[in-house]
Amino acid sequence: MKEYKKADYTIMLMDGTLNTHLKELQETADTRVQQIISELKAKSDLTEDMKNTDMIYWIGTMNSIKAQAEEINFSELIYV
């Protein structure tokens with residue numbers, strides 16, 4: 001924001017609303033990532049039983065799902 005939206009950044013900084021805005025954005029982003037992860041898990045063949053039977057596969061798939069969710073979130077919320 002400081003680099004790409006200098007006017008908005010300066011106004012929020014002067015008004016004292018920057019920290020509130022950033023906190024709200026962080027909370028929205030965290031909630032959206034969790035929602036996307038849930039959606040991607042439902043679409044995949046991943047089950048909670050796999051956590052006990054094939055842990056390496058489960059961890060790899062969850063890491064992939066988390067990375068996808070974060071990238072989707074960045075493109076939807078952060079990079080606009």
Side-chain angles (χ1 to χ4, degrees):
M1 186 171 186
K2 187 177 184 179
E3 187 175 328
Y4 296 107
K5 295 184 178 185
K6 292 179 182 181
D8 291 339
Y9 173 81
T10 304
I11 291 169
M12 288 181 171
L13 185 62
M14 299 296 277
D15 288 346
T17 59
L18 181 63
N19 287 335
T20 305
H21 172 73
L22 294 176
K23 183 179 179 189
E24 288 173 4
L25 184 61
Q26 179 67 42
E27 290 171 355
T28 303
D30 290 343
T31 302
R32 183 68 178 128
V33 165
Q34 292 304 316
Q35 180 184 17
I36 294 169
I37 287 173
S38 296
E39 292 171 5
L40 292 174
K41 273 178 65 175
K43 290 180 183 178
S44 73
D45 60 348
L46 197 64
T47 64
E48 288 298 314
D49 291 335
M50 289 180 180
K51 194 186 295 187
N52 296 324
T53 57
D54 194 358
M55 188 179 288
I56 299 298
Y57 174 76
W58 189 87
I59 291 170
T61 304
M62 281 303 296
N63 285 342
S64 176
I65 287 172
K66 184 178 179 192
Q68 289 175 27
E70 289 173 347
E71 190 57 39
I72 290 168
N73 193 43
F74 284 145
S75 66
E76 288 178 357
L77 278 176
I78 310 300
Y79 295 145
V80 286

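- Follow the hydrophobic side-chain contacts under 4.5 Å out from M55 and you reach Y57 in the same cluster.
- D8 contributes atom CG, which lies 12.0 Å from atom CG of L13 (distance to the nearest 0.5 angstrom).
- Here the straight-line distance linking atom CD of Q35 with atom CG of L40 works out to 10.5 Å at 0.5 Å rounding.
- We find the CD-OG distance between Q68 and S44 to be 9.5 Å, quoted to the nearest 0.5 Å.
- Following chains of ILVMFWY side-chain contacts shorter than 4.5 Å, one cannot reach V33 starting from L77, and the two form parts of different hydrophobic clusters.
- Side-chain atoms of T61 never come within 3.5 Å of backbone atoms of W58 as a donor-acceptor pair (strictly under, hydrogens ignored).
- Between the CD1 atom of I36 and the CD atom of E71 there is a distance of 10.5 Å, given to the nearest 0.5 Å.
- Between the side chains of Q26 and D30, at least one donor N or O sits under 3.5 Å from an acceptor N or O.
- Remark: D15 CG to I11 CD1 distance equals 7.5 Å, nearest 0.5 Å.
- Counting only distance, with no hydrogens or angles, the side chain of S38 and the backbone of Q34 share a donor-acceptor pair below 3.5 Å.
- E48 contributes atom CD, which lies 8.5 Å from atom CG of N52 (distance to the nearest 0.5 angstrom).
- With sequence neighbours excluded, no residue forms a side chain to side chain donor-acceptor pair (under 3.5 Å) with E3.
- For the pair N73 (side chain) and A29 (backbone), a donor-acceptor distance under 3.5 Å is present.
- Within the 4.5 Å cutoff, the side chain of I37 has heavy atoms near those of the M62 side chain.
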